[in-house]
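This structure is a prediction, so every number in the text was calculated from the model and none was measured.
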Amino acid sequence: MAPPKRSNRTVRQSTLSFKTKVTKSAPNNSAFKKGSSSSGGATTPSSSQVVCTIDDSSQERAISRKPVKIPKSTTSSSVSSKEEQAAREVSSARLKKFYAAILESRLTAPVHQNSLTLEEKILRHFDLSSQYGPCIGITRAGRWKRAHRLGLRPPIEVLAVALQMEDEMAADHPAEKRDTRRAYIDDFLSTRNAGE
Amino acid sequence: MSSTSALEVHDFLHEPSGNIPRETPAERVLTTHNASDRFRINEKSYQQQFSDMYFLRLMTLRPVVEAIAQEAWEDFEVSGEKAHKVDRALDVLPGDLCWITGTIYMDMPLKPNILADITKDQFIIPPPPREKYVDMGLDQTMLEDESGRIRLTGTALQQHELVTGIVVSVLGSETRNGEFNVVDLRIADLPAQKPIPKIKLADGRKRKVALASGLGIGASQHEGLETHLLAEYLLGEAGGMGDHEEAATISRLVLCGNSLAEAHALIDDIEDSEAQKPKSKKYGYDAATYDRAPTKALDSILSSLLPSISVTLMPGEDDPANVSVPQQPLHAALFPTAKLWDGSTFERVTNPWVGEIDGVSFLATSGQNLDDMYKYVEGNDRLAMSERLLRWRNIAPTAPDTLWSYPFQEGDPFVLDEDMCPHVFVIGNQPKFETTVIEGNDGQKVRVILVPRFDATGEIVVLDLDTLEPERMCFKVEQ
């Protein structure tokens, strides 16, 4: 028997698309909104909740979800959320004080650093601190976490700046700008870019 | 007609009447087993360099060695001068009696050197690989930490047999030409050990584990009779009732590497230059040269053993696993029938392997770590060398220098953790069977066993789990 003819009435199914939001139109639940925005900048795993509400407005019951903001901390391999939270609370005034203390401890000021931002200066000082291990072949945040795990007590301000770099690199990927997640000398001492 | 006066119980033939007492077949002893995936590498990244490994090793072991050195040399005085600790190797002042901690590096000209290989390639045929790299006249010992290196000299060094990659504390003073004259040396020594739980079986039987290495299947022309004899013994098919009882007490077989013989391309046998031309490859390998027989033979032996006894299979130097240490488990695709037991009795593990059988913790390697260390020190006393591996708390100190290794970045798994002292330390593929018990300062006791190659000697080691006494069993066919 011949296969049944397709009628023109059937609607063509749309292909999967991840661009549209999952939420259906839900009533504006201010209570829930308050809960998820209180953490502000520090998006820890505890604050990302999947909220299930029952849609009263539409006829069918629908499970609506707020678009879940995946916190950046889960993307790195070893998560130390307590330290990361403390790092994200470091203010820029504190960073300035920290770097001033570094300059105090040195005999002379570092040269040829006029074009660098404060963050990059702090990170370069951390890169060249050999007590935390080699800085090549590992991201700055990863090196901080490894040093922390080994009990070497690296300063929290460095983690603050390193996480800032991670956020910057994750947010936009400008091709010309160098990868600030890794040390500057990693660019020419490591073999990653050897084939290019 | 049976003669009731002579009640001889024949093992193989029973007379049909019911007067003869029937022996029920012995049941195999079962033991609990916990495996550890300490040496598994799930994500391989080669962006990092090996300096990370040395840094991790130093960071992990330095506090331990410093504490021991502090205790030993706190009140050390030589002609009124007290010894004090110096933090960095470069901070040592000449003439000052002090002690420093760092990693040893042995500078040996006879070590394989890539630059020497390249120059030799151009001109002459390369010499055969050396048995030992050590040469007393040419070698230099250095101590290295994050700041720099300092050369060590002194007669006290000779009695300590040092190897690249161990973390030590040295006491001495710097001489006029910049070398550190060593008076005394301290190492980390054995870590803490968990106590063995006392387990007694209801029927009072012993619990044993069989250790074998170097089965070397598939290499030679003759059938591998000894391997089949071993399999039959373990299954309880060989020998009399007494042998069956003994075989039933063995709960697990650990194969410590080199179960397959070295790969041997079929094409080598063919003299014809015509046949030597590479044929077209299908499925990624040239079917004419790849010899499947060894893996098939190993697979069939394993699948005859697995329904009855648990088998732990470690890769070795000659096996088709990765070259660098820690070797990852042999792939399941090599064992089409044996892999059906993968979740239950068959266990493909890494080399080195850490596992616990009925509370007794085992640390086993297929021998590459000891064989590489052997090239650094004089003498033949492999048992003393393996004792030193444990006392240095580093089972592969020469990795990554001469022993190829994965560049670890998060933690060096070859360094024993604080409470990780094994009860049994097994090293496979050694020339002969040797064993001893080494003791630590806190009452730790480790049984060290060197397992011989089965294809050379026909011997396996059977270890009793209660007393930790090994005994040797030999399977040889009279020629």
Side-chain angles (χ1 to χ4, degrees), chain A residues 73-80 83-84 105-107 124-155 158-159 162 165-166 169 178-196, chain B residues 37 40-67 85-91 100-103 105 114 143-150 165 167 188 393 400-401 405-418:
Chain A
S73 51
T74 54
T75 54
S76 63
S77 53
S78 58
V79 181
S80 46
E83 281 77 28
E84 295 208 357
S105 66
R106 290 174 59 113
L107 286 175
R124 287 207 188 179
H125 181 260
F126 176 64
D127 289 338
L128 293 175
S129 308
S130 60
Q131 68 265 33
Y132 305 120
C135 63
I136 301 169
I138 190 171
T139 58
R140 283 156 164 169
R143 183 161 171 257
W144 192 96
K145 286 179 187 157
R146 181 179 70 184
H148 180 77
R149 206 169 16 93
L150 292 170
L152 299 168
R153 294 199 303 259
V158 174
L159 180 64
M165 295 292 150
E166 296 257 347
M169 289 306 292
R178 62 165 288 268
D179 188 358
T180 45
R181 287 175 302 183
R182 293 183 180 259
Y184 180 62
I185 49 177
D186 197 8
D187 288 349
F188 37 88
L189 277 184
S190 91
T191 52
R192 254 179 320 127
N193 305 319
E196 292 169 25
Chain B
D37 55 355
R40 283 261 186 168
I41 305 167
N42 295 322
E43 284 165 14
K44 291 188 189 150
S45 147
Y46 289 93
Q47 284 185 10
Q48 61 270 27
Q49 301 197 347
F50 291 105
S51 53
D52 284 307
M53 243 176 108
Y54 282 112
F55 168 69
L56 289 165
R57 214 178 265 184
L58 188 61
M59 284 298 126
T60 322
L61 287 177
R62 184 153 66 178
V64 177
V65 183
E66 277 188 344
K85 176 179 147 185
V86 174
D87 284 327
R88 301 190 331 157
L90 292 183
D91 287 343
I100 43 176
T101 314
T103 318
Y105 173 70
I114 185 74
L143 186 78
E144 180 180 315
D145 69 358
E146 309 109 352
S147 61
R149 278 186 190 174
I150 186 168
V167 178
R393 279 206 210 182
D401 191 20
S405 157
Y406 173 77
F408 289 103
Q409 198 173 48
E410 296 296 323
D412 189 351
F414 300 119
V415 171
L416 300 180
D417 293 333
E418 257 178 39

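- Taking both residues in full, the closest heavy atoms of B/Gln49 and A/Leu189 are given as NE2-O, 3.8 Å, listed atom of the first, atom of the second, then distance.
- When heavy atoms are compared at a cutoff of 4.5 Å, B/Leu56 approaches chain A solely by way of its side chain, counted from C-beta outward.
- A heavy-atom distance below 4.5 Å is found between the side chains of A/Arg146 and B/Asp52.
- For the atom pair OH (A/Tyr132) and CE (B/Met59), the distance works out to 10.5 Å, reported to the nearest 0.5 Å.
- Listed for the B/Gln409 side chain is a donor-acceptor partner under 3.5 Å among the backbone atoms of A/Gly137.
- Under the ring pair (Phe, Tyr, Trp, His ring centres under 6.0 Å) criterion, B/Phe50 pairs with no residue at all, not counting sequence neighbours.
- Contact annotation for A/Ile138: both backbone and side-chain heavy atoms come within less than 4.5 Å of a heavy atom of chain B.
- What you find for A/Arg182 and B/Gln47 is that their closest heavy atoms are NH2-OE1, 3.2 Å.
- For the pairing with B/Glu410, the salt bridge (charged side-chain N to carboxylate O under 4.0 Å, His left out) check across A/Arg143, A/Lys145, A/Arg149 returns one residue only, A/Arg149.
- Under the side chain to side chain donor-acceptor pair (under 3.5 Å) criterion, B/Arg40 pairs with no residue, sequence neighbours left out.
- The environment of CZ in A/Arg153 is sparse: at most 12 heavy-atom neighbours from other residues, nucleotides or ligands sit within 6.0 Å.
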